[in-house]
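Hydrogens, waters and symmetry mates play no part in the numbers below; they use all other heavy atoms, side chains included. We name chains A, B, ... by the order of the sequence lines, and we start the count at 1 in each one. Bear in mind the structure is a predicted one, so any value in this text is a computation, not a measurement.
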Amino acid sequence: MPKPYEISAEEAAVKIRTQELTAEEYVASVFNRITQIEKRINAFITLTKQTALQTARQIDEKIRKGEKLGCLAGIPIAVKDNICTRGVRTTCSSRMLKDFVPPYDATVIEKLINQDAVIIGKTNMDEFAMGTTTETSYFGATHNPWNLKKVPGGSSGGSAAAVTAEETPLALGSDTGGSVRCPASYCSTVGLKPTYGLVSRYGLISYANSLEQIGPLARNVYDCALLLSVISGHDARDSTSVNMPPSDYTAFLKNDVKGLKIGVPQEFLGEGVEDAVRKAVWDAVNLLETLGAEYEEVTVPTMRHALPAYYIVAMSEASSNLARYDGLRYGFRVKKDDGDWSTIYAEDRRAGFGTEVRRRIILGTYALSAGYYDEYYLKALRVRTLIRRDFEKALKKCDVLVGPTMPILPFNLGEKIDDPLALYMCDVLTVPANLTGYPAASIPCGFKNGLPIGLQIIGKPFDEGTILRVAYTFERNTDFHKRRPIL
Amino acid sequence: MSKADGTIKIGLEVHTQLTSLKSKLFCSCSSDYRGKEPNSVVCPVCLGLPGSLPVLNKKAVEYAVMAALAFNCKISKRMFFFRKNYYYPDLPKNFQITQYDKAGGVPLATNGYLYIGEQGKRKKIKISRIHLEEDPGRLVHLGPIDQSPYTLVDYNRSGIALLETVTEPDMNSPREARVFLQKLRSVLEHLGIFDGSLEGAMRCDANISLAGGTRVEVKNISSFKEVERALSFEIMRQKGLLERGVAVKRETRHWDATRRITVSLRTKEEEQDYRYFPEPDLVPIELSEEYINKVRSMMPELPDDRMKRFMSSYGLPRYDAGVLVSSKALADFFEECVKLYNKPKDISNWMMSDLLRYLYENNLELQESKITPEKLVEMIRLIDEDVISGKIAKRILPKIILTGKPPRKIVEEEGMMKITDRQVLSELIDRVFSENPKAVKDALVDEKAVHYLIGQLMKKTEGKADPSLAAKMVNEKLHSIKKKT
């Protein structure tokens, strides 16, 4: 008999509905697990145990009374700490927002509550989602459950680590340049960045608005599809959200890839990709071919400009988005006493933000300055258009593109933190999906020395269904998703 | 006036709140923020809370397009917003969502104009561009800003829709600047998108140069009443510098309304870099020909057309018609009166002379006064019905304006009816004659002395004696004295 915390959302939802398991038992079991291992992982910044158990009891009551239930009734979910939760502090892992309690819920949180999900806490991340390792958090780094000395990836490292360590079956992350897919890859979970505009960003604290989406993380493809079905859909409060009818993504999950055309962009397997990663990806492609898919090598030549274009756009937008944290409103203030406002702003911002956040604000400010705007920001936007054209072309011939999520295996905590350029390089394969707005997932596809490897699947805009179908077929025919870290 | 006056060049940048909107520009908060408890008309969006996103108010776009059409502008095909980045405590996000005409941006509309009428002459003032943007919050100080122990921030105003109108430097005097602002206000009020009587609903910055010299920008002019004052001061200051051989610096100055001077805010070297870039949280809107035509079809009559109609339908002179349409409230008031009493010329005369003069001298808006069309018409009827004289009407008008009491009631309470009773008048005339024997003697030969006697009678009756009857009776009495002698 598996312990309740080990079972998937899909299975638990049925058990709770049929009263084989109560929501309270399930949630309590998850919190027991957290108590046991959280000290070693540090996946959470805030836990909401009391309200979670109370919510679970209310759901059990609803079940007893035979009331109508949401599709996530009694299922625990962890939420990245840059998604606003009413009455629960939302820190962005920053000293600047360490005491910020939002007076409102993000749209995705409202949707989760409407489906009777149980929010169990807020997860650790890189400060303001700026990082690839979850090491820039003011609340300390998260450890990779597969090897506690390694980074869990980032910036949604807390969410991915919690999922893989069975501290929660489901989690929300956000993906600006790979922040869902990178930790999904490093922690061996399923993670998906939806098409830009599919999921409302209302209540997601902005890092780079034109690039980011909230995305689901889970231990299997079904759970991921289920969570995506709940959080997606048009929202009048987000002008960039697309007006499309809601979709049940679990309906796409067929164990069948026959006739699908899978493109392998050669740029995804070039220099800088570790051999073990390259091998695991080719093995995955071969398996999919055996299962009936056709594959073709394609090319996206402008890909080499993706990283600089991404960082210019992201940092520029960030420099403006983060201007509101001036010490006046969100609790953090170095000195309460007087001084002119610009001095106070400067002192608070110097002390409230960490090194990486300050670096990106300064670089972004520079890129938008008079005289440099055309050379950097506008040029980056033009490059973005070219990259989108390349991917559009490649996806005209293929149903999905596959490649590695991360070029290298999880590395040691502290190993690259003082080398920003080396860290930026880690995002080289994930940023194209953000620049183009296209959907992309990462699924487990192998291990090397006990460290996970992720397969990235990029799809056509709003064709998450096909990505999930390929992912599901791969999962049905492999065992990587069944492995759990020993803790 | 000195020669230099001819070469004064003034351009204006006017911010008008679209006060008829029910909600703010990017959220559903009420736009009715005046007099509300500080920070009570706010939400995550207009507070700029982390995670909140702006959603454009469609009605604001419609209103702005109306204004663009009324200003004869060329309207852009696509509408999109930029972020203007600068730190200031009244700005919750430390950037303002606005529109921009560089870096790939386009304003809502460009290349328009309005005509202003001055002393019967028409002058074209070119409008270079108009656009929509959000109003910041308001900083509140205890006493003067430099002595206040603290600064308080009220975000109720934050996010109110502003229409920015930028003119070419086509105005040549502070008076023209004022007349232009009045015209702008009247046009916006006729469109039904703006109420200029609300405090702080119209604010403007002005740039001004003398004899083709350096341009100085004056900020913080909070009403069109002040624009004349601020610009006159600035002209005087610049002239003073030039007379002493000192060059005028290119700078931005702040109008201090209490001290009535401009003070330097920053020089050109200190100009901020606003790091404009496209607002990523808002999507561009297409302004199709069809949409613009639809908006055009909904537009009400504008001041220039209304003036022509006043001239042709009511037979008013151009000047009078022009004054009446310079404010929508005034023009509406006039037409209401005419509906009640079809004597447009009399109504216009009373409004143009006594009513407007009183309002102007007492610094009152028509809406602030208690007079209504019904009351003005009643007063004019009292004259026409011979109940009161025009002189008495002039005396009771201020009372109507201040108290709003019905004219007939004022007349009755104060016994101001015309004295037409021959018996009463006859007795009074007897008294005047006995008190002024010398004048009576003179009056027998000198017309001037007759007027003097009538004047004395009017004085005794506090102007209430029916003037024509009084004159007639005085002459009759003189005539009978003549006969006797």
Side-chain angles (χ1 to χ4, degrees), chain A residues 82-84 90 92 96-97 100 102-107 128 197 200-206 208-212 235-241 313 316-317 319-326 328-330 338 341-342 344-346 349 364-374 377-378 381, chain B residues 26-28 39 42-45 47-58 80-97 100 102-105 137 139 145-146 148-153 155 158 271-285:
Chain A
N82 59 351
I83 298 171
C84 286
T90 301
C92 281
M96 189 61 97
L97 289 180
F100 173 59
Y104 74 104
D105 275 326
T107 298
F128 282 101
S200 168
R201 289 185 296 115
Y202 190 79
L204 169 67
I205 299 181
S206 298
N209 332 45
S210 74
L211 298 162
E212 60 208 9
D235 179 11
R237 288 176 293 188
D238 176 0
S239 310
T240 63
S241 108
V313 172
S316 298
E317 290 179 7
S319 72
S320 172
N321 289 328
L322 272 66
R324 75 193 68 194
Y325 310 111
D326 53 23
L328 207 62
R329 285 166 294 261
Y330 306 113
D338 50 17
W341 62 266
S342 57
I344 287 177
Y345 280 19
R349 287 170 66 76
T365 303
Y366 176 78
L368 289 177
S369 311
Y372 297 101
Y373 178 82
D374 290 5
Y377 189 78
L378 276 189
L381 291 189
Chain B
F26 296 120
C27 63
S28 54
N39 298 309
V42 290
C43 74
V45 177
L47 283 175
L49 289 193
S52 66
L53 298 171
V55 175
L56 180 59
N57 183 335
K58 294 271 157 58
F80 50 103
F81 287 89
F82 267 61
R83 286 188 185 179
K84 179 181 183 180
N85 294 285
Y86 65 98
Y87 287 91
Y88 204 69
D90 64 6
L91 207 56
K93 303 183 290 289
N94 284 319
F95 63 79
Q96 181 193 31
I97 305 178
Y100 194 45
K102 296 184 195 80
L139 299 182
I145 184 165
D146 47 354
S148 178
Y150 49 71
T151 298
L152 300 173
V153 195
Y155 292 113
S158 172
E271 285 294 324
Q272 295 191 40
D273 178 0
Y274 292 119
R275 293 174 282 117
Y276 284 96
F277 77 104
E279 166 58 81
D281 288 330
L282 289 166
V283 288
I285 295 183

>> If you apply the rule side chain to side chain contact (heavy atoms under 4.5 Å, CB included), what do you find for A:Y373 with B:K102, and how did you get there?
In response: CA-CA 11 Å; A:Y373 178 82; B:K102 296 184 195 80; over 6 Å; no
Rounded to the nearest 0.5 Å, how far apart are [atom1] of [X] and [atom2] of [Y]?
| X | Y | atom1 | atom2 | value |
| --- | --- | --- | --- | --- |
| B:K93 | A:S206 | NZ | OG | 11.5 Å |
| A:T90 | B:L49 | OG1 | CG | 11.0 Å |
| B:L53 | A:D238 | CG | CG | 5.0 Å |

Heavy-atom contact with chain A under 4.5 Å, split by part of [X]:
| X | answer |
| --- | --- |
| B:Y150 | neither |
| B:Y87 | both |
| B:Y86 | neither |
| B:D273 | side chain |

Is [X] in contact with chain B via its backbone, its side chain, both, or neither, using a 4.5 Å heavy-atom distance?
| X | value |
| --- | --- |
| A:A370 | both |
| A:A367 | neither |
| A:L328 | side chain |

>> I'd like to know whether A:W341 forms a side chain to side chain contact (heavy atoms under 4.5 Å, CB included) with B:T151, so could you lay out the CA-CA distance, the side-chain angles of the two residues, the decisive distance to 0.1 Å, and finally the verdict.
In response: CA-CA 10 Å; A:W341 62 266; B:T151 298; over 6 Å; no
Largest heavy-atom contact set with chain B, pairs under 4.5 Å, which of [options]:
| options | result |
| --- | --- |
| A:S319, A:S369, A:S210 | A:S369 |
| A:N82, A:L211, A:L378, A:N321 | A:N321 |
| A:Y372, A:F100, A:Y325, A:Y104 | A:Y104 |
| A:L381, A:D374, A:T365 | A:T365 |

> Relative to chain A, which of B:C43, B:G104, B:P92, B:P278 shows the most heavy atom pairs under 4.5 Å?
Replying inline: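 It is B:P92.
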